[in-house]
Amino acid sequence: AIKNNMGYWGFGNAFCLVWQCTDYTSVTTSAFTLLLISFDRWLSIKKPIFYRLRVTTTAQIVLIAIAWVFSFLMYAPAMLFWPLWTGQFIVDYETECFPEWIENLAFNVMVCTVMTFVVPIVGIIVLYYYIYLEIKRRGKVAVQAAASVDTTGKEN
């Protein structure tokens with residue numbers, strides 16, 4: 001938005017790197033937080049006693065912190081050290097602000113696409129499928145239990 005309004009990036013290298021790290025880390029953490037929410041829901045449905053005993057506020061805070069650290073570590077090293085690894089600078093930070101690795105297809109596909117979007121969405125889909133199966137199983141158990149009791153409350 002800044003570049004669109006001003007026509008160029010005018011904040012230099014340091015602010016560009018801070019903005020990029022913040023941007024990429026936030027988006028990735030958002031995806032992993034959705035995955036953690038799905039895992040939390042699956043665990044609460046599949047193992048409710050374990051969930052009540054073990055899943056504390058502290059445990060949840062630790063998992064969220066791990067998501068932030070993992071997301072930061074996925075991108076920050078590349079943001080900071082890509083020119084050192086490749087030996088070339090392709091961005092003029094006085095006028096542009098985009099990741100140095102933007103033209104590296106392998107990194108973009110493997111890290112940006114697969115790790116940031118595909119892994120979380122596949123995990124979410126799998127967990128919600130298991131939630132569906134568990135709820136379906138419980139429904140069958142409830143129907144069988146109801147069928148074994150007649151209208152007077154006596155078992156058949």
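Note that the numbering runs from 1 along the sequence shown for the chain.
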**Prompt:** Once you round to the nearest 0.5 Å, how far does NZ of Lys47 lie from CD of Glu134?
**Reply:** 9.5 Å

**Hphob cluster co-occupancy, Tyr24 + Leu35, side-chain heavy atoms under 4.5 angstrom** = yes

**Request:** Taking all heavy atoms of Pro83 and all of Glu100, pick out the closest pair and write down the distance.
**Result:** CG-CG, 3.7 Å

**Check: Ala145 main-chain N/O paired with Ser148 side-chain donor or acceptor under 3.5 Å** = yes

**Prompt:** Leu36 and Ala67: which non-hydrogen atoms are nearest, and at how many Å?
**Reply:** CD1-CB, 4.0 Å

**Complete:** So OG1 of Thr86 and CZ of Phe107: to nearest 0.5 Å the spacing works out to 12.0 Å

**Prompt:** After noting the C-alpha distance and the side-chain angles of Ser26 and Phe72, does the key distance pass the side chain to side chain contact (heavy atoms under 4.5 Å, CB included) rule?
**Reply:** CA-CA 8 Å; Ser26 299; Phe72 179 78; over 6 Å; no

**Message:** Using the rule that Ile, Leu, Val, Met, Phe, Trp and Tyr join whenever any side-chain heavy atoms are under 4.5 Å apart, tell me whether Val122 and Val27 fall into a single cluster.
**Reply:** no

**Fill in**
Tightest non-hydrogen contact, residues Cys112 and Phe117, listed as O-CD1, 3.4 Å

**Request:** Kindly work out whether a path of hydrophobic side-chain contacts (I/L/V/M/F/W/Y, heavy atoms less than 4.5 Å apart) joins Phe15 to Leu17.
**Result:** no

**Message:** With a 6.0 Å cut-off (strictly less than), is the heavy-atom count around CD1 of Ile49, excluding the residue itself, greater than 12?
**Reply:** no

**Message:** Using the rule that Ile, Leu, Val, Met, Phe, Trp and Tyr join whenever any side-chain heavy atoms are under 4.5 Å apart, tell me whether Leu63 and Leu127 fall into a single cluster.
**Reply:** no

**Complete:** Exactly one candidate in Ile125, Thr33, Ile124, Val126 meets side-chain contact (heavy atoms from CB on, under 4.5 Å) with Ser38; the answer is Ile124

**Prompt:** Taking atom CD of Glu103 and atom CG of Asn108, what is their separation to the nearest 0.5 Å?
**Reply:** 9.5 Å

**Prompt:** Is the backbone of Trp9 close enough, under 3.5 Å, to the side chain of Glu96 for a donor and an acceptor to pair up by distance?
**Reply:** no

**Message:** Does Tyr132, at its OH atom, have more than 12 non-hydrogen atoms belonging to other residues, nucleotides or ligands within less than 6.0 Å?
**Reply:** no

**Message:** I want to check something: taking the side chain as every heavy atom from C-beta on, are Ser44 and Phe39 in contact at a cut-off of under 4.5 Å?
**Reply:** no

**Asked** Are Phe98 and Trp85 joined in one hydrophobic group, where the rule is that I, L, V, M, F, W and Y side chains link up if heavy atoms are under 4.5 Å apart?
**Response** yes

**Side chain Thr28, main chain Ser71, donor-acceptor under 3.5 Å** = no

**Asked** Could you go step by step and tell me if Asp40 and Tyr51 meet the side chain to side chain contact (heavy atoms under 4.5 Å, CB included) rule?
**Response** CA-CA 9 Å; Asp40 182 73; Tyr51 182 82; 2.8 Å; yes

**Item:** Considering all heavy atoms, the nearest Phe32-Met115 contact
**Value:** CZ-O, 3.4 Å

**Asked** So Phe11 and Cys97, side chain to side chain contact (heavy atoms under 4.5 Å, CB included) or not? Walk me through it.
**Response** CA-CA 9 Å; Phe11 300 102; Cys97 180; over 6 Å; no

**Complete:** Interatomic distance, CG@Asn104 vs CH2@Trp82, rounded to 0.5 Å, equals 4.0 Å

**Request:** Could you grab the distance from atom CG of Asp23 to atom SG of Cys16, nearest 0.5 Å is fine?
**Result:** 10.5 Å

**Complete:** Between the OH atom in Tyr130 and the CG atom in Leu43, the distance rounded to the nearest 0.5 Å is 14.5 Å

**Message:** Measuring only between side-chain heavy atoms, which start at C-beta, is Met74 closer than 4.5 Å to Val111?
**Reply:** yes

**Message:** Quick one, Tyr128 and Arg41 - any side-chain contact, counting heavy atoms below 4.5 Å?
**Reply:** yes

**Message:** Looking at every heavy atom in both Pro120 and Ala31, which two are closest together, and how far apart are they?
**Reply:** CB-O, 3.8 Å

